[in-house]
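Got a structure for you, questions after.
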Amino acid sequence: MGASTARRAAISALTNFRTVPPRVNFKETPVSSIYASNVFNEEVQRQRLPKTVFKKLQQTIKKGLAIDPAIADSVASAMRDWAIEKGATHYAHLFYPMTGLTAEKHDSFVSPLEDGSGAILEFSGKELVKGEPDASSFPSGGLRATFEARGYTAWDPTSPAFILENPNGTTLVIPTAFVSWTGEALDKKTPLLRSMEALSHQAVRVLKLFGNSEVTKVFTTVGPEQEYFLIDRNFYYARPDLINCGRTLFGAKPPKGQEMEDQYFGTIPERVLACMHETEQELYKLGVPVKTRHNEVAPAQYEIAPIFENSNLAHDHQMLTMEMLRRVAEKYGLACLLHEKPFARVNGSGKHNNWSMSTDTGENLLNPGDTPHENAQFLVFCAAVIRAVDKFATLLRVAIASAGNDHRLGANEAPPAIISIYLGDQLQDIMDQIESGGAKTTKTGGHMEIGVTTLPKLPRDAGDRNRTSPFAFTGNKFEFRAVSSGQSIAGPNTVLNTIVAESLDYIASTLEADLKAGKPFNKAVNDLVASIYKNHKRVIFNGDGYSEEWHKEAAKRGLPNLKTTVDAMPSLVTKESVELFSKYKVLNDKEVHSRHEIFLENYKKTISIEALMMVVMARTMIIPAALKYQHEIATAIHAAKSAGAPAASLGEQEKLLSEVASLISDLQKHTCELDKATHHHVHGDTMAHAKYAHDTLIPLMDSVRAAGDKLETLVDDDIWPLPTYREMLFIK
């Protein structure tokens, strides 16, 4: 099939697509009857475990106590019976290696009898608690050599096991941590769990100073909003760049993009809505509390968002959400694109990380209440976040750095690479009052008059929202908007938890010293919050983060502006960073440096793969199509001249021929340069390779793309081999 034929077939297939009949009727099957039906949650545990075992397991889950090895067999037996009743034949330890994806090793419950007469189904506590996948082929950044293969998965009881349904059966899935034989973390989950413990310890110290002796544990909570694109799968398969790179390496700007702003919160297309319904159904079964769905700003872009959960569980559910989006999309003839910037010149996708802190008694520590100027506890925890974000802004930048996110950060739809905090009018006013000697009032929003008698008066929030801020206070949480759509949220939250733990440690130590010296508690708190705000208010910015003026102002304030991954990555291995992670036992020196190595290696490989794919597409798809069109123009001009057409009448045609020939020449030249550059041997360490990819490969790729995209606007549409933006984004 020719390329142009492939495009026509794709359009024909999708325009004749019929919506899949509903797989669930929510009239007959209420959401409440399926929600968490495939989760080995607290209710299932209460029903199936002996009381003493249930109590011990809950103490581990809710209080953070060490798991009692003696209960493992009992839990495993109950888990096995429950899973088998749901059709499971295998169990899988699910883990989260440094690929940023999920990994799993499946084992059968079946144990043949010695006499060969049959088999029994077994699952022991030992098999529940520990697995042993091969660790040699996962990224380790030097923690493991290729010949050092042993790695362990360790049961994480704080994230419940679940049943994953497949067409031919089900599997019991057990979330785990993944560590090396020498004990270092090889995954995303282990540092996240460590950082949560570090923050909890320091937060409890602060709460005790406020006289709160009931709280024994503080959880960080997250509600990640997931943006994504859906395009027809026929288009996806006709784009080698989307298949291999997750983004389009070529593609001219369509006549209509998002300029009309008619996609945002618009009516959801029927096929997309059907896909969303089934995705939500599958997530409900797994206990994922998805709450919101809507059209996003760019054509063919959408969003799904859950409510808050414990950070560890939110991470696991977020990975499930991405997997389910991809899986269900296939059933509807769609492809789910989770790349940060799958289409140039239209909005990319983020994953807004809504972060807060809550106690085991149910109190949100970032809830300001009705009179936040009187809520000293809230102000202390808010000040801790302000100090942390300012002091460790470069680490937050590292946490969201990737080749894909470099395309998005600083564009018109994403926050800049400059890390700043939006507090809002109400909270900033209170902080200003504290700095001036003490807060006495709280701004209120009042009510707004809409001007229509039949409409109610609406309560007005005390502050507006700021979508240009990378780190914004939004009422009872901070929204870290710079997290990218395709990444695991474990890394950003590990950093966030750790830096806030350091600030809470500083606050607790300062207050303890002040009280020991006889300073009144209220004065100590007020002085400390005022001092933190005075020393770190440079990070507060409530204005337009997209503006050029802010970039100039940020430079005056001394805020770092690390525009690319290559710029940001050295911040991870500074002495201060290594000491921070080591002090709070989140990552040791070797683990920090391993991640530095892995991130740079991933960056370099991503750019290299894109460059190689671009060369292949230019040579085998775009240049042949352009040459064919050039031949058609030349043939037409020659025929006109042979028929006696005046030379003057052929001027514009000859200009077109000249322009096409010139662009073909440019494309061939730049493609050869890029091809040569991809095969150049770079001397030096991983950073040198990453810098070469950034400084050499990316500019050459830009040149190749510029010529290819210009040709798309000139070459006969019947000849052009690739589905275009105007087709992929607008034909539903």
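Keep in mind that this is a model prediction, so the values were computed, not measured. Values reported hereafter were calculated over all heavy atoms of this structure, with side chains retained and with hydrogens, waters and symmetry mates removed.
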>> What's the separation between atom CD in Glu323 and atom CE in Met319, rounded to the nearest 0.5 Å?
In response: 9.0 Å
>> Strictly below 4.0 Å, N to O, side chains only: are Asp406 and Arg397 in salt-bridge contact?
In response: yes
>> For Ser488 and His315: C-alpha separation, side-chain torsions, deciding distance, then whether side-chain contact (heavy atoms from CB on, under 4.5 Å) applies.
In response: CA-CA 7 Å; Ser488 160; His315 161 261; 3.3 Å; yes
> Roughly how far apart are Leu242 CG and Phe343 CZ, rounded to 0.5 Å?
Replying inline: 5.5 Å
> With distance as the sole test, does Thr671 use its side chain to make a donor-acceptor pair with the main-chain N or O of Val615 at under 3.5 Å?
Replying inline: no
>> I want to check something: taking the side chain as every heavy atom from C-beta on, are Trp720 and Ile622 in contact at a cut-off of under 4.5 Å?
In response: yes
>> Can you confirm whether the side chains of Thr564 and Asp567 place a donor and an acceptor under 3.5 Å from each other?
In response: yes
> To the nearest 0.5 Å, what is the distance between CD1 (Ile540) and OG (Ser469)?
Replying inline: 9.0 Å
> Mind checking whether Trp550 and Phe541 have parallel, tilted or perpendicular rings, split at 30° and 60°?
Replying inline: parallel
> Can you check whether Tyr228 reaches Ile304 side chain to side chain, under 4.5 Å on heavy atoms?
Replying inline: yes
> Distance-only, no hydrogens or angles: does the Ser665 side chain make a donor-acceptor pair with backbone N or O of Ala661 under 3.5 Å?
Replying inline: no
> Can Asp718 and Lys628 be counted as an ion pair, charged N to O under 4.0 angstrom?
Replying inline: no
> For Glu225 and Lys351, what are the C-alpha separation, side-chain angles and deciding distance, and is it a side-chain contact (heavy atoms from CB on, under 4.5 Å)?
Replying inline: CA-CA 5 Å; Glu225 305 168 22; Lys351 181 148 45 194; over 6 Å; no
> Between Arg481 (side chain) and Pro470 (backbone), is there a donor-acceptor pair under 3.5 Å?
Replying inline: no
>> I'd like to know if Glu549 pairs up with Lys552 as an ion pair, taking the criterion as any Lys NZ or Arg NE/NH1/NH2 lying under 4.0 Å from an Asp or Glu carboxylate oxygen.
In response: no
> Between atom CG of Leu700 and atom OG1 of Thr678, what is the distance when rounded to the nearest 0.5 Å?
Replying inline: 9.5 Å
> Do you know which two heavy atoms are closest between Ala626 and Val715, and how far apart they sit?
Replying inline: CA-CG2, 4.1 Å
> Taking Arg726 for the side chain and Ile731 for the main chain, is one N or O donor matched with an acceptor at less than 3.5 Å?
Replying inline: no
> Is it true that a side-chain atom of Tyr692 and a backbone atom of His681 form a donor plus acceptor pair closer than 3.5 Å?
Replying inline: no
>> Looking at Val682, is its backbone amide N or carbonyl O close enough to the side chain of His689 to form a donor-acceptor pair, meaning the two atoms are under 3.5 Å apart?
In response: yes
> Is Gln630 reaching over with its side chain to a backbone N or O of Leu657, donor-acceptor style, under 3.5 angstrom?
Replying inline: no
>> Could you check whether Gln301 and Ser349, counting side-chain N and O atoms only, form a donor-acceptor pair closer than 3.5 Å?
In response: yes
>> Using 30° and 60° as the class boundaries, would you call the ring planes of His294 and Tyr264 parallel, tilted or perpendicular?
In response: perpendicular
> Do Val566 and Tyr603 come close enough that some side-chain heavy atom pair is under 4.5 Å?
Replying inline: yes
> Considering all heavy atoms of both residues, which atom of Met322 and which atom of Gln487 are nearest to each other, and what is their separation?
Replying inline: CE-O, 4.2 Å
> If you measure from CD1 on Ile243 to CE on Met613, what distance do you get to the nearest 0.5 Å?
Replying inline: 8.5 Å
> Would a distance-only check, ignoring hydrogens and angles, find a side-chain to backbone donor-acceptor pair under 3.5 Å from Arg557 to Arg538?
Replying inline: yes
>> Whether the side chain of Glu340 engages the backbone of Ser484 through a donor-acceptor N/O pair (distance < 3.5 Å, no angle test) should be reported.
In response: no
> Would Thr686 and Lys604 satisfy side-chain contact (heavy atoms from CB on, under 4.5 Å), going step by step from the backbone distance to the final call?
Replying inline: CA-CA 8 Å; Thr686 313; Lys604 182 261 294 186; 5.6 Å; no
> If you measure from CG on Asp709 to CZ on Arg345, what distance do you get to the nearest 0.5 Å?
Replying inline: 5.0 Å
>> I'd like to know if the side chain of His670 pairs up with that of Glu673 as donor and acceptor (distance under 3.5 Å, no hydrogens or angles considered).
In response: yes
> Which atom names give the shortest non-hydrogen contact between Ala393 and Ile419, and what distance separates them?
Replying inline: O-CG1, 3.6 Å
> Any side-chain heavy-atom pair from Val346 and Tyr725 closer than 4.5 angstrom?
Replying inline: no
> Minimum heavy-atom separation for Phe229 to Pro299, with atom names?
Replying inline: CE2-O, 3.4 Å
> Is it true that Asp666 and Lys710 make a salt bridge, defined as a side-chain N closer than 4.0 Å to a carboxylate O?
Replying inline: no
> Taking the side chain as C-beta and beyond, is there a heavy-atom pair between Leu697 and Ser608 under 4.5 Å?
Replying inline: yes
> Just by modelled atom types, is the Lys732 backbone N or O under 3.5 Å from a matching donor or acceptor in the Arg271 side chain?
Replying inline: yes
> Is there a side-chain contact between Leu325 and Gln226 (heavy atoms, below 4.5 Å)?
Replying inline: yes
> For the residue pair Leu722 and Arg239, what are the closest heavy atoms and their distance?
Replying inline: CB-NH1, 3.7 Å
> Is the closest side-chain heavy-atom distance between Val495 and Phe480 below 4.5 Å?
Replying inline: no
> Can you list the steps and then say if Leu338 with Arg326 is a side-chain contact (heavy atoms from CB on, under 4.5 Å)?
Replying inline: CA-CA 9 Å; Leu338 292 170; Arg326 285 187 287 252; 3.0 Å; yes
> Are any of the side-chain heavy atoms of Arg705 and Thr248 separated by less than 4.5 Å?
Replying inline: yes
> Between Glu654 and Lys641, is there a salt bridge with N-O shorter than 4.0 Å?
Replying inline: yes
> What do you reckon, is NE2 of His680 surrounded by more than 12 foreign heavy atoms closer than 6.0 Å?
Replying inline: yes
> What are the two closest heavy atoms between Thr565 and Ala403, and how far apart are they?
Replying inline: OG1-N, 4.0 Å
